[in-house]
A.B. asks: 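What follows is a single structure, and I will ask about it in a moment.
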Amino acid sequence: MTGFRAEAPSDRPLRVIQVGAGGMGQAWLGTVAADPDVELVGIVDLNLDAAKASAQALGSGAPGAQELAVGTDLAALVEQTRPDAILDITVPVAHHPVTTQALFLGLPVLGEKPVAPTIAQSLSLAAAAEVSGELFMVSQSRRRNDQLVDLRQHAALLGDVGIVTTEFYKAPHFGGFREEMDDVLLLDMAIHPFDSVRYLLGTEPVSVYCESYNPSWSWYSGDAAATALFEFEGGVRYEYDGSWCSPGFETSWNGSWRVSGEHGSALWNGDDSPTSEVDGGLGVPAPAASLGDGIAGSLTAFTRALRTGEAPDGEVHGNIMSLAMVEAAIASKNQRRRILIDEVLEGALTEAIAAETRDDVRERLTSWGSVRSALAAVGSRVA
Ligand SMILES: NC(=O)c1ccc[n+]([C@@H]2O[C@H](COP(=O)([O-])OP(=O)(O)OC[C@H]3O[C@@H](n4cnc5c(N)ncnc54)[C@H](O)[C@@H]3O)[C@@H](O)[C@H]2O)c1
């Protein structure tokens, strides 16, 4: 059983340092500023000018306002400001070093998705959270959507669910790195619906067969389209069809969903309230608790977890399987065969143990039985 320290005082805001002041960092700074339960005490970025400009935009140093601490060295800023927690909004390749450093400085971390660029690094981070006794939560913001919660409630009306599909057809011209990267759709976007279907079904994936390809007119150099068929526990099939180069009748950024069950079907277009038809009539789902909205919802859940000790949705162990779905889908399309998720997880554990530089984290990784059972063992309280 894993656990984490829950020592955040409830009589004052949670004091945080944000690491990473790039594009998504700006959205987080705005969200922190709007949350009365959280207080920003510093900004760290390798690009000091970006950190300074962000602090200035927040009014730091203006007449009558305090100067916000900024810097390039996280440990120095922690020493200076004594925060309660760290937000890691850096680029994916920096997630492992930044979050590991923060956890072993004795601080809990809320980080942007993906956990890390590889499952191996993600397992190292989960083990680091266990060893340090600090909470590491990943913000997978598209899961925090009341319509998705509602779709899950509709799905509960259908009896046995056997089939779930997502169609995702968009035509964005991003420019920049996305148009150059390999497996762009699977790596950069598909993790969102993969994570959502795990929430929807409440079960875990077993295997995947995937093909990805690049339509003749695509303006991406990597594969901008993919079809993946996952088997979930209990034999449920999840089919994902996606393209990032399909103009015309575009779907929502959340994709368009169908859930097919024994007594009926539920539909969600990704933007409006879901509906269902059950035994020939309209389904009326039971209300359910909200997970909050986007990154603001993640921040609220993180703060609450640090005060109550209850493991939040997004605790690192519970998030890694979404990344495993991406990595397994890419392995399947590369090897042109059905891939077992456990194959990918166990291979990643071997890789993680070989690459680990901290003895205590390597020892923890080595002590795990199967990765699947280690990831399922998310505890709820206090070292
Ligand atoms: N949830 C979403 O919908 C969503 C959308 C966009 C981006 N993201 C995620 O947010 C994260 C950040 O993306 P972005 O678009 O802001 O990237 P970005 O490149 O715009 O900004 C990243 C910032 O991190 C800084 N940085 C990099 N390494 C660092 C380190 N070791 N220490 C301190 N600072 C460092 C960079 O200097 C840069 O300012 C990524 O993980 C990305 O996947 C999520």
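Since the model is a prediction, treat every value here as computed from it, not as a measurement. Counting convention: from 1, in listed order, for ligands and their atoms alike. Residues take their numbers from the sequence shown, with the count starting at 1.
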A.B. asks: Quick one: look up the protein heavy atom nearest atom 40 (C) of ligand 1 and list residue, atom name and how far away it is.
C.D. replies: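 I find the closest protein heavy atom is Thr90 O, 3.5 Å.
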A.B. asks: Run Ser124 and His96 through side-chain contact (heavy atoms from CB on, under 4.5 Å) and show every step you take.
C.D. replies: CA-CA 8 Å; Ser124 164; His96 184 269; 2.7 Å; yes
A.B. asks: Going by heavy-atom distance to atom 17 (O) of ligand 1, choose the closest among Val91, Leu187, Val44.
C.D. replies: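 Selected option, by shortest heavy-atom distance: Val91.
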A.B. asks: Using 0.5 Å steps for rounding, measure from the OH atom of Tyr199 to the CD atom of Gln140.
C.D. replies: 14.0 Å
A.B. asks: Please classify the Thr72 to ligand 1 contact at 4.0 Å (heavy-atom distances, strictly less than): side chain, backbone, both or neither.
C.D. replies: neither
A.B. asks: Do me a favour and list the nearest non-hydrogen protein atom to atom 10 (O) of ligand 1 with residue, atom name and distance?
C.D. replies: Glu112 CG, 3.3 Å
A.B. asks: Suppose I only count heavy atoms of Ile89 and a 4.0 Å limit; which atoms of ligand 1 are within that range?
C.D. replies: 12 (C)
A.B. asks: For atom 1 (N) of ligand 1, which candidate among Ala50, Pro117, Ser141, Ala116 holds the nearest heavy atom?
C.D. replies: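 Nearest heavy atom to atom 1 (N) of ligand 1 lies in Ser141.
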A.B. asks: Considering non-hydrogen atoms of the protein only, which is the closest contact for atom 32 (N) of ligand 1, and what is the distance?
C.D. replies: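 Looking only at protein heavy atoms, the one closest to atom 32 (N) of ligand 1 is Leu46 CG, 3.6 Å.
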A.B. asks: Dump the intermediate steps for ring-ring contact (aromatic ring centres under 6.0 Å, His included) on Phe174 and Trp244, then the final yes or no.
C.D. replies: CA-CA 10 Å; Phe174 295 109; Trp244 243 349; 4.9 Å; yes
A.B. asks: Output yes when Asp49 and Lys52 qualify as a salt bridge under the 4.0 Å nitrogen-oxygen rule, no when they do not.
C.D. replies: no
A.B. asks: For atom 37 (O) of ligand 1, what is the nearest protein heavy atom, given as residue, atom name and distance?
C.D. replies: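 Nearest protein contact, heavy atoms only, for atom 37 (O) of ligand 1 is Asp45 OD1, 2.6 Å.
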A.B. asks: Indicate whether the side chain of Thr303 and that of Thr300 have a donor and an acceptor atom separated by less than 3.5 Å.
C.D. replies: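 Per modelled atom types, Thr303 and Thr300 side chains form no pair under 3.5 Å.
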A.B. asks: Parallel, tilted or perpendicular: which fits the ring planes of Phe232 and Tyr238, with parallel below 30° and perpendicular above 60°?
C.D. replies: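 It falls in the perpendicular class, over 60°.
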A.B. asks: Which ligand 1 atoms, with their elements, are less than 4.0 angstrom from a heavy-atom of Gly20?
C.D. replies: 24 (O)
A.B. asks: Using a heavy-atom cut-off of under 4.0 Å, does the side chain or the backbone of His95 touch ligand 1, or both, or neither?
C.D. replies: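 The side chain, only.
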A.B. asks: Measure the distance from atom 42 (C) of ligand 1 to every protein heavy atom, then report the residue, atom name and distance (to 0.1 Å) of the closest one.
C.D. replies: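 Among all protein heavy atoms, the one nearest atom 42 (C) of ligand 1 is Lys113 O, 3.8 Å.
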A.B. asks: Have a look at Ala27, Ala94, Ala51 and point out the one with the heavy atom closest to atom 31 (N) of ligand 1.
C.D. replies: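 Residue with the shortest heavy-atom distance to the ligand atom: Ala94.
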A.B. asks: Give the residue and atom name of whichever protein heavy atom lies nearest to atom 20 (O) of ligand 1, and the separation in Å to one decimal.
C.D. replies: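 Nearest neighbour among protein heavy atoms for atom 20 (O) of ligand 1, to 0.1 Å: Gly23 N, 2.9 Å.
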A.B. asks: What atoms of ligand 1 come closer than 4.0 angstrom to any heavy atom of Gly25?
C.D. replies: 16 (O)
A.B. asks: Could you tell me which atoms of ligand 1, counted from 1 in the order shown, lie closer than 4.0 angstrom to a heavy atom of Gly22?
C.D. replies: 16 (O), 20 (O), 21 (O), 23 (C), 39 (O)
A.B. asks: Closer than 4.0 angstrom, basic N to acidic O: yes or no for Arg307 and Asp37?
C.D. replies: yes
A.B. asks: Within 45° of the axis and under 6.0 Å from the centre of the six-membered ring of Phe230, does NZ or CZ of Arg237 qualify?
C.D. replies: no
A.B. asks: Which residue supplies the protein heavy atom nearest to atom 16 (O) of ligand 1, what is that atom called, and how far is it?
C.D. replies: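 Among all protein heavy atoms, the one nearest atom 16 (O) of ligand 1 is Met24 N, 2.7 Å.
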